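In what follows, chains are A, B, ... by sequence order, proteins preceding strands, each numbered from 1. Worth saying up front: this structure is predicted, and the values here are computed from it rather than measured.
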There are 2 protein chains.
Amino acid sequence: MGKQITEMLKGTLEGIVLAILAIRPAYGYEITAQLRERGLSDIAEGTIYALLVRLEKRGSVAAEKVPSEKGPPRKVYSLTDAGHDQLDEFWSTWNFLVERIEQLNDRSERGEHR
Amino acid sequence: MGKQITEMLKGTLEGIVLAILAIRPAYGYEITAQLRERGLSDIAEGTIYALLVRLEKRGSVAAEKVPSEKGPPRKVYSLTDAGHDQLDEFWSTWNFLVERIEQLNDRSERGEHR
DNA sequence: ACCAGTACTCAGTAACACTAGATACTGCGG
DNA sequence: CCGCAGTATCTAGTGTTACTGAGTACTGGT
């Protein structure tokens, strides 16, 4: 899949993570694992951590340190109210974009010439 | 719509322009106008020109200078074979991403907890 | 002569994901 | 006991991409 998906994830990965946290709170390592399960296997470890720090600074998520039986303590993140708002906004922007692009797909596939 | 759409366009705008050129050849100013018509009104003029230069360097599009009755000569771009291939790849990557994200939308809307 | 519309170009900036490491804690096999 | 795999997080530096804001150039109308 390569580089194309990387660029496409800019702006959407943040929404993806917010959506995952909306299902239930999770920590970075776990989120990465979930993304891999969901087929987004090319996402780098470090990316998620950087993203979570950004979201926390912005107040979209709150972190709670929870000791782990294996390894260092986990930082479990959950959505704040602001985070839910941001997620709603993400969905509306995403749906908007999908509509416009789907339109283009139809037109070019049918070879339309306005 | 603001900043969110800007980030989301990274990686997709290129595909959008390729798709527009697949319908029929066009020049920069025209492409910008078409994007505005299609509701993508926040896209800056300069962005499209920079993108077209990038695509031309990569060999995805070919330019032909055509004199205009009003204003400087137009650079009319059309897809090369490589451009068509890139567009196909764009669609498959895009569809892949849409599937994964749509999945997430279902789950979080229904409040599922796996 | 001036301005609006057409059409393109360019230097500098910001945001985001990736790379490639480092750090730290647990439990298991040699 | 030591090293290694698995768990878990963090960081500095890099590349790609879109935006900002300015400039150039040509036409037609007032």
Which nucleotide span of DNA chain D, 5' end to 3' end, has atoms closer than 4.0 Å to non-hydrogen atoms of chain B?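 The contacted stretch runs from dT17(D) to dT27(D).
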
Report yes if some heavy atom in the side chain of Gln86(B) is under 4.5 Å from a heavy atom in the side chain of Glu14(B); otherwise report no.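 Result yes, sub-4.5 Å side-chain heavy-atom pair found.
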
Under 3.5 Å: donor-acceptor pair, side chain of Arg74(B), backbone of Pro67(B):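 No, the answer is negative, given that no donor and acceptor are paired below the 3.5 Å cut-off.
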
Donor-acceptor pair, side chain of Thr93(B) and main chain of Glu89(B), under 3.5 angstrom: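 Present.
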
Checking all strands, does [X] fall into the base, sugar-phosphate, or nothing category for heavy-atom contacts under 4.0 angstrom?
X        : value
Thr47(A) : base
Glu30(A) : nothing
Lys70(A) : sugar-phosphate

Taking atom CD of Glu102(A) as the centre, does the number of heavy atoms from other residues, nucleotides or ligands within less than 6.0 Å exceed 12?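 Yes, CD of Glu102(A) has more than 12 neighbouring heavy atoms, counting only those of other groups under 6.0 Å.
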
Straight-line distance of Leu18(A) CG to Thr12(A) OG1, nearest 0.5 Å: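 Between Leu18(A) CG and Thr12(A) OG1, I get 11.5 Å after rounding to 0.5 Å.
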
Distance in Å, Ile48(A) CD1 paired with Leu13(A) CG, rounded so as to fall on 0.5 Å steps: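 One gets 5.0 Å once the value is rounded to the nearest 0.5 Å.
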
Identify, between Ala50(A) and Arg74(A), the residue whose nearest nucleotide on DNA chain D lies closer to the 5' end.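 On the 5' side of the pair lies Arg74(A).
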
Starting from the 5' end of DNA chain C, give me the residue, Ser68(A) or Lys10(A), whose nearest nucleotide shows up first.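 Of the two residues, Lys10(A) wins.
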
For Arg58(A) and for Pro72(A), locate the closest nucleotide of DNA chain C by heavy-atom distance; then report the residue assigned to the nucleotide nearer the 5' terminus.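 Between the two, 5'-proximity favours Arg58(A).
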
Shortest non-hydrogen contact from Gly59(B) to Thr80(B)?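 It is O-OG1, 2.7 Å.
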
Output yes when Glu30(A) and Lys75(A) qualify as a salt bridge under the 4.0 Å nitrogen-oxygen rule, no when they do not.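 Lys75(A) and Glu30(A): not salt-bridged.
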
Contact boundaries of DNA chain C with chain A (under 4.0 Å, heavy atoms), 5' to 3'?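 The protein-touched segment is dC16(C) to dT26(C).
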
